[in-house]
Amino acid sequence: MTRRFYVTTPIYYVNGAPHIGHAYTSIAADVMARFHRLAGDDVFFLTGTDEHGQKVEQAAQAAGVAPKAFVDTVSANFRAMADAMAISYDDFIRTTEPRHIASAQALWRKVADNGAIYLDAYEGWYALRDECFYGEDELVAGPDGKKVAPTGAPVEWVKEPSYFFRLSDYQDRLLALYEQHPEFLGPHGARNEIISFVKQGLRDLSISRTSFKWGIPVPGDERHVMYVWFDALANYLSALGYPDTDAPRMAFWPASLHLVGKDIARFHAIYWPAFLMAAGIDLPRKVFANGWWTIEGQKMSKSLGNVIDPRELVADFGLDAVRFFVLREVPFGGDSDLSRKALMTRNNVELANDLGNLAQRTLSLVARNCGGVVPQRRSLTEEDQKLIGQVAVLPQLLAAQIERCALTDALEDVWKVIRACNAYIDHQAPWALRKTDEARMADVLRVLLDALRGIATMLQPFMPHSMARMLDQLGVAEDERTFAALETPLPGGRQLPAPQGIFPRYVEPEPS
Ligand code: MSP
């Protein structure tokens, strides 16, 4: 039976240009989606833009543009970034689309009909930057002694009529969820933080605003617009066609995985399941929070002028080197620093040297010494078998790593095999065998071709373009690139194209 896999990225605020932090979650989600497709699963991969709320409204005002025209432009820029990063999304949802608005309103009605919403007045702190309400007890002293949000965001005192969601009613059910389904929330750090936050007690949540207009009207009371997080979280259902339970895409619910940044774990692991419980809708299977990137040791910020558009890095290093770097550099879930030097080192050592040279050496030996024809697979020595065995377990090994969102460990598993291949080629020295034992040389090259095919197949989700090129060079047809296809060895005798380098070494240009 085909398994369904529904993975989401956060939908991005369109108050500014996309940067590498946004691209990061999308790249990770893309790897998951591609991996599951190659494993034969039925995949739905959703991304999009979060276009309502005061923050976006103010950004439009600052740009001197009407909100709708503003969000159209910025959303298009996010979509262009996703395309430039080869994000293989199946749908791109925008919260200003009628399909989303109708769906979010239906979800509101459902929650209200079940008695979980009431009208009152909100008086308290709000951080516009985070689009988040904070309790007095959560605030900390800022640099100038003023109270700020725990994230450092400025807070303002808000007082306005508001609809409330009975979040306090869900504390026990949420704790039971984390307890009974430890896999629901990861990594460990985020899970512990959320559990202790919920244990401290949950207040009812203000879920509507009246002091501005740029939002989805609350059904039945148009003086209010929905709190942007109620609106935004609903995207995961609206893209599937909710509330139409017959919509074909609804078969993908519950979501398999919401990938989010650690800053928004609270919204996904507390508010979202509580809204769904209130609506009587099944809960997503997993929320996983990735860490944050700093740039050359500093927080990325407009005022520091160090906000990196991933497309600039791609122009210098190539798309796959950037995708590889962000997933390889730090265990997925942790924080890390992005520097040109680190990117260059990863590219040169692991891509150009370890993998690129291995492929180049093998393919040019086949070109030179075997007329570019794939040798037949014949009997294997113990050493050959060991290497082939290491490759053969990769699909299983990686599936387990992907399941627990351990993308970096998955890459490490592949690199162990790449290193083993490099040790094998050095030890077997097929270039020397040419003169002494041509048949053995052909066997060794065949083993290496098979190993490279396995490696390139497994790396496709991470580096789709370069691995497609590598598989072309290895003579692997399009329909032979799935994980299942690895079980059938390529027939010998195929003519390979002339080998071409895949990962150039990067040399930092001299400062002018
Ligand atoms: N609109 C909300 C999400 C709604 S989901 C229903 C939002 N948008 S955001 O554009 O501000 O952030 C989107 C994602 O980008 C978050 O997951 C956030 O963690 C991530 N990042 C923003 N800056 C980042 C870094 N510097 N590093 C890594 N990820 C970062 O929140």
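Every number for a ligand or one of its atoms is a count from 1 in the order of the listing. Keep in mind that the numbers below use all heavy atoms, side chains included, and drop hydrogens, waters and symmetry copies. Because the structure is predicted, anything quoted here is derived from the model rather than measured.
The closest protein non-hydrogen atom to atom 31 (O) of ligand 1 is Ile264 CG2, 3.5 Å. Residue, atom and distance of the protein heavy atom nearest to atom 15 (O) of ligand 1 are His22 CD2, 3.6 Å. In terms of protein heavy-atom proximity, atom 17 (O) of ligand 1 is closest to Gly261 N, 2.7 Å. Ranking protein heavy atoms by distance to atom 9 (S) of ligand 1, first place goes to Tyr13 CD1, 3.7 Å. If you check which protein heavy atom lies closest to atom 3 (C) of ligand 1, you get Ile11 O, 3.1 Å. Here the protein heavy atom with the shortest distance to atom 19 (O) of ligand 1 is Asp263 OD1, 2.5 Å.
For His19, the heavy-atom gap to ligand 1 drops under 4.0 angstrom. Contact between Trp229 and ligand 1 is present, with at least one heavy atom of the residue lying under 4.0 Å from the ligand. Heavy atoms of Gly291 come nearer than 4.0 angstrom to ligand 1 in at least one pair.
Salt-bridge check for Arg79 with Asp83: failed, with every basic side-chain N at 4.0 Å or more from each acidic carboxylate O. The existence of a salt bridge linking Arg328 and Glu412 is confirmed by a sub-4.0 Å separation between a basic side-chain nitrogen and an acidic carboxylate oxygen. Ion pairing of Glu136 with Lys147 is present here, as a side-chain N (NZ or NE/NH1/NH2) and a carboxylate O approach within less than 4.0 Å.
Classified by interplanar angle (parallel below 30°, tilted 30° to 60°, perpendicular above 60°), the ring pair Tyr271/Phe275 is tilted. Note: Trp157 and Trp125 have perpendicular aromatic rings, judged against thresholds of 30 and 60 degrees for the angle between ring planes.
Atoms of ligand 1 found under 4.0 Å from any heavy atom of Ala232, numbered from 1 in the order shown, are 6 (C). When each atom of ligand 1 is checked for a heavy atom of Met300 under 4.0 Å away, the hits are 26 (N). For ligand 1, the atoms lying closer than 4.0 Å to a non-hydrogen atom of Tyr236 are 5 (S), 6 (C).
At under 3.5 Å, not a single nitrogen or oxygen of Tyr24, backbone or side chain, sits near a nitrogen or oxygen of ligand 1. Where the criterion is an N or O separation shorter than 3.5 Å, residue side chain and backbone included, Lys262 fails it with respect to ligand 1.
At a 4.0 Å heavy-atom cut-off, ligand 1 touches His268 through the side chain alone.
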For salt bridge (Lys or Arg N to Asp or Glu O under 4.0 Å), just list the numbers for Arg94 and Glu51, CA-CA rounded to whole Å, side-chain angles, deciding distance to a tenth of an Å, and then say yes or no.
-> CA-CA 7 Å; Arg94 300 184 54 190; Glu51 307 188 7; 2.7 Å; yes
For this session: Quick one: do His268 and Tyr236 satisfy side-chain contact (heavy atoms from CB on, under 4.5 Å)? Show the steps, please.
Result: CA-CA 11 Å; His268 285 82; Tyr236 301 131; 2.7 Å; yes
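Environment of NZ in Lys199: sparse, with no more than 12 heavy atoms of neighbouring residues, nucleotides or ligands closer than 6.0 Å. Crowding of Glu138 atom CD: a count of heavy atoms from other residues, nucleotides or ligands under 6.0 Å exceeding 12.
Closest heavy-atom approach to atom 1 (N) of ligand 1 among the candidates Asp50, Thr294, Ile20, Thr9: Asp50.
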